[in-house]
Amino acid sequence: QVQLVESGGGSVQAGGSLRLSCAASGRTFSTNTMGWFRRAPGKEREFVAAINWSGGSTSYADSVKGRFTISRDNAKNTVYLQMISLKPEDMAVYYCAARRDYYSGSNYRQTRDYDYWGQGTQVTVSS
């Protein structure tokens with residue numbers, strides 16, 4: 001059974017930092033594109049960042065570019081999202097996702113592009 005489990009969420013003040021982790025189990029995702037999405041209260045789930053299978057290609061939403069960094073450790077079957085300079089508008093539930101196909105790129109920004117999802121981790125940013 002494939003599982004994606006996010007961790008690392010929490011409460012921080014504006015300007016603070018958090019590092020989210022997404023640990024995969026049930027199969028290896030070392031050959032698959034993975035991404036992070038978020039859903040703020042009252043809003044739809046939106047793309048945050050994605051990384052290709054090797055880590056050599058990444059893409060970001062404009063709203064987080066320069067502040068968030070996605071990375072992966074294929075040996076640990078884990079993807080990370082380092083978030084700095086957090087803003088109140090970054091407050092949301094953050095979800096990890098993975099594509100089923102192999103050796104694809106990082107320019108996948110729609111929820112329909114992903115086949116597996118985690119349960120999410122809450123990030124709260126206070127001003």
Side-chain angles (χ1 to χ4, degrees):
Q1 182 180 356
V2 173
Q3 278 193 313
L4 301 176
V5 180
E6 302 95 337
S7 61
S11 297
V12 295
Q13 290 190 325
S17 302
L18 283 174
R19 187 196 196 204
L20 306 183
S21 299
C22 172
S25 62
R27 56 160 284 186
T28 179
F29 283 98
S30 62
T31 55
N32 304 89
T33 295
M34 299 188 73
W36 286 97
F37 287 74
R38 67 187 182 187
R39 182 168 60 198
K43 296 187 176 181
E44 293 190 351
R45 196 173 299 194
E46 66 174 2
F47 170 77
V48 175
I51 188 166
N52 79 325
W53 65 277
S54 68
S57 177
T58 57
S59 63
Y60 296 92
D62 288 343
S63 59
V64 306
K65 202 172 293 183
R67 299 186 298 120
F68 291 12
T69 303
I70 189 171
S71 61
R72 66 190 299 160
D73 184 337
N74 285 340
K76 296 181 178 180
N77 220 18
T78 300
V79 66
Y80 305 97
L81 186 68
Q82 178 69 52
M83 307 184 293
I84 66 171
S85 302
L86 282 161
K87 304 175 181 179
E89 51 263 44
D90 294 318
M91 184 165 64
V93 177
Y94 283 71
Y95 298 90
C96 173
R99 286 180 57 85
R100 180 181 288 119
D101 66 345
Y102 301 110
Y103 303 115
S104 53
S106 63
N107 196 25
Y108 293 96
R109 298 169 174 248
Q110 306 298 319
T111 56
R112 63 176 180 268
D113 293 331
Y114 293 82
D115 304 289
Y116 304 100
W117 291 87
Q119 294 300 306
T121 185
Q122 176 71 48
V123 171
T124 301
V125 184
S126 57
S127 56

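Keep in mind that this is a model prediction, so the values were computed, not measured.
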K.L.:
Main chain of Ser104, side chain of Thr33: is a donor-acceptor contact present, judged purely on distance under 3.5 Å?
P.N.:
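Looks like yes, one N/O pair under 3.5 Å.
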K.L.:
To the nearest 0.5 Å, what is the distance between OH (Tyr103) and OG (Ser30)?
P.N.:
7.0 Å
K.L.:
Atom CZ in Arg109, atom CZ in Phe37: separation rounded to 0.5 Å?
P.N.:
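Answer rounded to 0.5 Å: 9.5 Å.
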K.L.:
Is the backbone of Trp53 close enough, under 3.5 Å, to the side chain of Asn74 for a donor and an acceptor to pair up by distance?
P.N.:
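Yes, because the side chain of Asn74 sits within donor-acceptor range (under 3.5 Å) of the backbone of Trp53.
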K.L.:
Has Gln119 got more than 12 heavy atoms of other residues, nucleotides or ligands less than 6.0 Å from its CD?
P.N.:
no
K.L.:
Tell me, yes or no, whether the heavy-atom count around Gln122 atom CD, taken from other residues, nucleotides or ligands under 6.0 Å, exceeds 12.
P.N.:
yes
K.L.:
When hydrophobic residues are tied together by side-chain contacts of less than 4.5 Å, even through go-betweens, does Val48 share a cluster with Tyr80?
P.N.:
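In one cluster: no.
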K.L.:
Can you see which heavy atom on Ala14 is nearest to which on Pro88, and at what distance?
P.N.:
CB-CD, 4.1 Å
K.L.:
Can you get from Tyr114 to Val79 by hopping between Ile, Leu, Val, Met, Phe, Trp and Tyr side chains that sit under 4.5 Å apart?
P.N.:
no
K.L.:
What I want to find out is whether Asp62 reaches Lys65 closely enough, with some N-O distance under 4.0 Å, to be called a salt bridge.
P.N.:
yes
K.L.:
How long is the span from the OG atom in Ser71 to the CZ atom in Arg19, to the nearest 0.5 Å?
P.N.:
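So the gap between those two atoms works out to 6.0 Å.
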K.L.:
Does Tyr60 use its side chain to pair, donor to acceptor, with the backbone of Arg67 at less than 3.5 Å?
P.N.:
no
K.L.:
Is it true that a side-chain atom of Asp113 and a backbone atom of Tyr108 form a donor plus acceptor pair closer than 3.5 Å?
P.N.:
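No; zero donor-acceptor contacts below 3.5 Å.
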K.L.:
Would you give the length of the straight line joining atom CD1 of Ile84 to atom CZ of Phe68, rounded to the nearest 0.5 angstrom?
P.N.:
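That separation rounds to 9.0 Å.
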K.L.:
Given Leu81, which partner from the list Thr121, Ile70, Val123 fulfils the side chain to side chain contact (heavy atoms under 4.5 Å, CB included) test?
P.N.:
Ile70
K.L.:
Given 3.5 Å as the limit, does a donor-acceptor pair link the side chain of Asn77 with the main chain of Phe29, or not?
P.N.:
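Answer holds: yes.
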K.L.:
Could you measure the distance from the OG1 atom of Thr124 to the CE atom of Met91? Nearest 0.5 Å is fine.
P.N.:
6.0 Å
K.L.:
For the side chain of Ser59 and the backbone of Ser106, is there at least one donor-acceptor N/O pair under 3.5 Å apart?
P.N.:
yes
K.L.:
Would a single hydrophobic cluster contain both Val64 and Trp36, if residues Ile, Leu, Val, Met, Phe, Trp and Tyr are joined by side-chain heavy-atom contacts under 4.5 Å?
P.N.:
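They do share one cluster, since a chain of ILVMFWY contacts under 4.5 Å joins Trp36 to Val64.
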K.L.:
Evaluate Arg38 against Asp90 for side chain to side chain contact (heavy atoms under 4.5 Å, CB included), listing each step before the verdict.
P.N.:
CA-CA 9 Å; Arg38 67 187 182 187; Asp90 294 318; 3.0 Å; yes
K.L.:
Test of understanding: clusters of I, L, V, M, F, W, Y form through side-chain heavy atoms closer than 4.5 Å, transitively. Do Tyr116 and Leu20 belong to the same one?
P.N.:
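Linked within one cluster.
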K.L.:
Under a 3.5 Å distance rule, please check whether Glu6 uses its side chain to pair with a backbone N or O of Gly120 as donor and acceptor.
P.N.:
yes
K.L.:
If two hydrophobic side chains count as joined below 4.5 Å and joins carry through other members, does Ile51 share a cluster with Met83?
P.N.:
yes
K.L.:
CD/Glu44 to CZ/Arg39 distance, rounded to the nearest 0.5 angstrom?
P.N.:
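So the gap between those two atoms works out to 9.5 Å.
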K.L.:
Once you measure the plane-to-plane angle for Trp117 and Tyr95, does it fall in the parallel (<30°), tilted (30-60°) or perpendicular (>60°) bin?
P.N.:
perpendicular
K.L.:
Donor-acceptor check, side chain of Asp73 to backbone of Thr78, threshold 3.5 angstrom: yes or no?
P.N.:
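No: the side chain of Asp73 does not pair with the backbone of Thr78.
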K.L.:
With respect to Asn32, which candidate in Arg72, Arg99, Arg27 satisfies the side-chain hydrogen bond (donor to acceptor under 3.5 Å, both in side chains) definition?
P.N.:
Arg27
